[in-house]
Amino acid sequence: MIEIRLPDGNTKAFEKGTTPEGIAGALAPALKKKTVAAYVNGNLYDLNRPINDDASIELITKDREEALEILNHSAAHLLAQAVKRLYPDATFGVGPAIKDGFYYDIATKETIKEEDLPTIEKEMRKIVQEQDQMERRVVDKAEALKEFSGDPYKVEMIKEMDDDEVITIYKQGEFKDLCRGGHVGNTKHIKHFKLLSVAGAYWRGDSDRDMLQRIYGTAWFTKDDLNKYLEILKERKERDHRKLGKELEIFMLDNKAGQGLPIWLPNGYAVRKTLEDYVYKLERKHGYLHIQTPVLGTKELYETSGHWDHYRDGMFPPMEYEDQTYVLRPMSCPHHMIVYNRKLRSYRDLPIRYAEIVTQHRHEASGALSGLERVRQMTLTDSHIFARRDQIKSEVLSAYNLIQQAISDLGLTIDYIELALRDEAKGKFHPDDVLWDEAEALLKELLDEEKIDYKVMKGEAAFYGPKIDVQVRTAMDRVITMSTVQLDFLLPERFDLTYIGKDGEKHRPVVIHRGLISTWERLMSILLEQYKGAFPTWLAPEQVRAIPVNLEAHGPYAESINNRLIDEDLRSTTDFREEKLGYKIREAQTKKIPYSLVIGDNEVENNSVTYRKYGEKEQNTVPLEDFISMIKKEVKDRK
Ligand code: TSB
Ligand code: ZN
């Protein structure tokens with residue numbers, strides 16, 4: 001017999017070799033049903049793993065977060081087993097649990113397509129019926145290598161393990177997997193699951209290695225939970241900016257035009273232009289000076305800045321032209337340094353805040369590209385602020401406040417702040433530790449003083465300095481870097497920037513890099529998902545569409561309304577197509593236009609409009625002038 005200590009402090013005697021399942025069952029039948037695995041002396045034990053010595057135990061019940069992870073991890077094994085049955089040549093990479101699901105990376109000769117998933121799922125259900133025990137076995141390295149000799153990816157992982165590492169193999173039916181474990185003990189416990197999608201994934205995330213097929217799935221403890229989750233996924237799909245962007249004709253991507261190089265369509269351009277006007281005005285109010293610099297720069301420029309040494313992976317390859325080598329710029333900072341340096345500066349001139357809507361190009365792995373969210377040509381709401389040291393805090397703070405305001409004007413919310421610091425161990429950054437320490441300490445101090453919570457991200461700094469990254473959570477539940485404030489002592493050195501101080505001596509300014517509301521591309525992806533394509537009036541590509549009931553009788557009045565609205569800086573159109581009125585009204589709704597106007601006799605006679613607001617049932621008739629004031633106020637208030 002062995003003594004098992006329970007979390008309440010009591011101990012109980014059990015047969016040697018009892019399992020977490022056995023213990024749960026002995027305590028209460030209901031508990032057995034709820035238990036998924038256990039911590040035995042703090043170590044994760046499968047539901048069916050024998051306990052051979054005295055121990056303390058903490059059962060993991062279904063209500064705990066890690067229970068779902070254990071279930072999903074077990075489901076990944078189930079998936080692999082089913083795939084191996086259907087595709088006998090399959091070899092396997094890794095198959096972990098992830099948030100709300102699992103995946104497995106698999107290599108097969110025959111490509112696995114989305115249509116194949118139901119067949120695989122059916123095979124998984126068969127295995128569940130078979131009620132296979134998921135048995136754990138400890139092996140040494142030599143044995144592990146022998147067991148997986150047919151699985152090159154597993155062999156690679158085993159070879160990298162320490163010689164004395166405890167290696168475990170899990171076997172269920174005819175299938176075995178290399179795995180650290182934490183399983184539900186028997187395939188019969190995996191009841192409510194679904195395979196979701198298949199995508200390409202490089203082995204070890206390395207684009208120079210094999211491309212495997214990653215099958216995603218999700219597993220839950222109840223049918224209800226599964227259905228709820230599938231409902232959320234459906235909702236997310238409807239919000240997917242790639243889908244909305246196409247339906248609403250915001251942007252397009254075309255492989256012939258180039259991967260990751262989006263084309264902005266008329267509706268997208270209208271929103272982008274509105275945003276640009278908004279940023280321009282906001283920045284002018286806050287003392288920014290707008291400039292425009294080229295998308296191309298000499299390699300020498302980027303050698304001076306350090307981008308060539310530290311950021312080359314993120315750049316397109318250089319091109320030779322006349323006697324020079326040029327690069328597509330990945331960032332605008334070097335140009336802004338040159339603009340600062342064009343004349344002598346005095347301490348009285350600072351701070352100088354150069355702002356630019358910067359088009360730039362970056363190399364992003366093709367697998368990382370995603371709609372507008374991550375692209376290869378992007379246009380950033382950028383700024384570089386040149387300041388004296390005594391101005392750093394107030395400048396960083398006012399940059400941050402402006403970011404806050406812009407995010408709130410757009411109807412978005414900050415999820416959290418990241419403070420990205422260097423990682424000395426990486427050694428990739430500028431060697432001047434004193435400058436780095438000072439820059440990092442300053443940002444920390446500022447966030448602390450302002451009582452702004454933040455997460456420290458070691459190793460995530462830019463090569464030229466630490467940064468504050470503002471994270472926004474999308475409606476698709478992804479966290480994305482939206483805005484950034486970066487403190488830089490390095491580029492001023494590299495470009496030998498100076499100003500003449502009060503003392504008549506030369507001093508070095510600091511540079512604050514600031515991204516206000518990300519790039520138009522990323523921002524648009526977030527806005528589309530946030531609003532499900534139904535933009536608030538101030539941002540809507542088409543704010544008003546005037547539809548005459550009868551072209552001849554009401555067309556001229558509709559046209560005059562349209563012209564009047566355009567003169568008032570509103571984005572208005574008319575629909576004069578030879579289509580049925582009902583069709584036109586419905587289309588204005590599917591295009592999510594905030595105001596559709598139906599113009600008939602009554603309107604012509606009274607110089608009025610009858611409007612219907614997007615998403616509302618009732619119509620209102622008001623004098624034209626009232627309509628104009630109302631909508632203008634709405635735009636002004638950014639409601
Ligand atoms: C703020 N030199 C600074 C600038 O002065 C800079 O470029 N910083 S950055 O590298 O962090 O990029 C600024 C912002 O661009 C990021 O915060 C992010 O919101 C956006 N961004 C970065 N890469 C991409 C991409 N591939 N696609 C779309 N947007 C991107
Ligand atoms: Zn910059």
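Numbering of ligands and ligand atoms starts at 1, following listing order.
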Peer 1: Hey, are K444 and D448 close enough for a salt bridge, meaning a charged N less than 4.0 Å from a carboxylate O?
Peer 2: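 No salt bridge links K444 with D448.
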Peer 1: If the condition is side-chain hydrogen bond (donor to acceptor under 3.5 Å, both in side chains), which residues does Q543 pass it with, not counting sequence neighbours?
Peer 2: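 In terms of side-chain hydrogen bond (donor to acceptor under 3.5 Å, both in side chains), with neighbours along the sequence ignored, Q543 is linked to no residue.
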Peer 1: Is the Y311 ring parallel, tilted or perpendicular to the F463 ring (thresholds 30°, 60°)?
Peer 2: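 Tilted: the ring planes of Y311 and F463 meet at 30° to 60°.
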Peer 1: Side-chain atoms of residues 241-252: list all donor-acceptor pairs with protein atoms under 3.5 Å, sequence neighbours left out, distances to 0.1 Å.
Peer 2:
from : atom 1 : to   : atom 2 : distance (Å)
H241 : ND1    : E529 : OE2    : 2.9
H241 : NE2    : L372 : N      : 2.8
R242 : NE     : D240 : OD1    : 3.1
R242 : NE     : D240 : OD2    : 3.4
R242 : NH2    : D240 : OD2    : 2.7
K243 : NZ     : E247 : OE2    : 3.3
E249 : OE2    : K591 : NZ     : 3.3

Peer 1: Return the orientation label for the Y464 and H307 ring planes: parallel under 30°, perpendicular over 60°, tilted otherwise.
Peer 2: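 Plane angle between 30° and 60°, so tilted.
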Peer 1: Name all residues meeting the side chain to side chain contact (heavy atoms under 4.5 Å, CB included) criterion together with L446; count only those two or more places apart in sequence or in a different chain, and write none if there are none.
Peer 2: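 So L446 forms a side chain to side chain contact (heavy atoms under 4.5 Å, CB included) with K393, V396, L397.
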Peer 1: Is the closest basic N to carboxylate O distance between R353 and E395 below 4.0 Å?
Peer 2: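 Here R353 pairs with E395 in a salt bridge, since their nearest N and O are under 4.0 Å apart.
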Peer 1: Near the Zn ion (ligand 2), meaning under 2.8 Å, how many protein N/O/S atoms are there?
Peer 2: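 Count of protein N, O, S atoms less than 2.8 Å from the Zn ion (ligand 2): 3.
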Peer 1: Under 4.0 Å, heavy-atom basis, I'd like to know which part of T484 is in contact with ligand 1: side chain, backbone, both or neither.
Peer 2: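 Within the 4.0 Å criterion, T484 contacts ligand 1 through side-chain atoms alone.
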Peer 1: Is the closest protein non-hydrogen atom to atom 16 (C) of ligand 1 under 4.0 Å?
Peer 2: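 No, there is none.
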Peer 1: May I ask whether Y311 has any heavy atom positioned less than 4.0 angstrom from an atom of ligand 1?
Peer 2: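 No, Y311 has no heavy atom closer than 4.0 Å to ligand 1.
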Peer 1: Do any heavy atoms of R374 fall under 4.0 Å from ligand 1?
Peer 2: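 The answer is yes: ligand 1 sits under 4.0 Å from a heavy atom of R374.
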Peer 1: Using a 4.0 Å heavy-atom cut-off, say whether L380 meets ligand 1 through its side chain, its backbone, both or neither.
Peer 2: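 Side chain only.
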Peer 1: Note the single closest protein heavy atom to atom 29 (N) of ligand 1, along with its residue, its atom name and the distance in Å.
Peer 2: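 Looking at atom 29 (N) of ligand 1, the protein heavy atom closest to it is T519 OG1, 2.9 Å.
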Peer 1: Give a yes/no verdict on whether any heavy atom in E373 is under 4.0 Å from an atom of ligand 1.
Peer 2: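 Contact check E373 vs ligand 1: positive.
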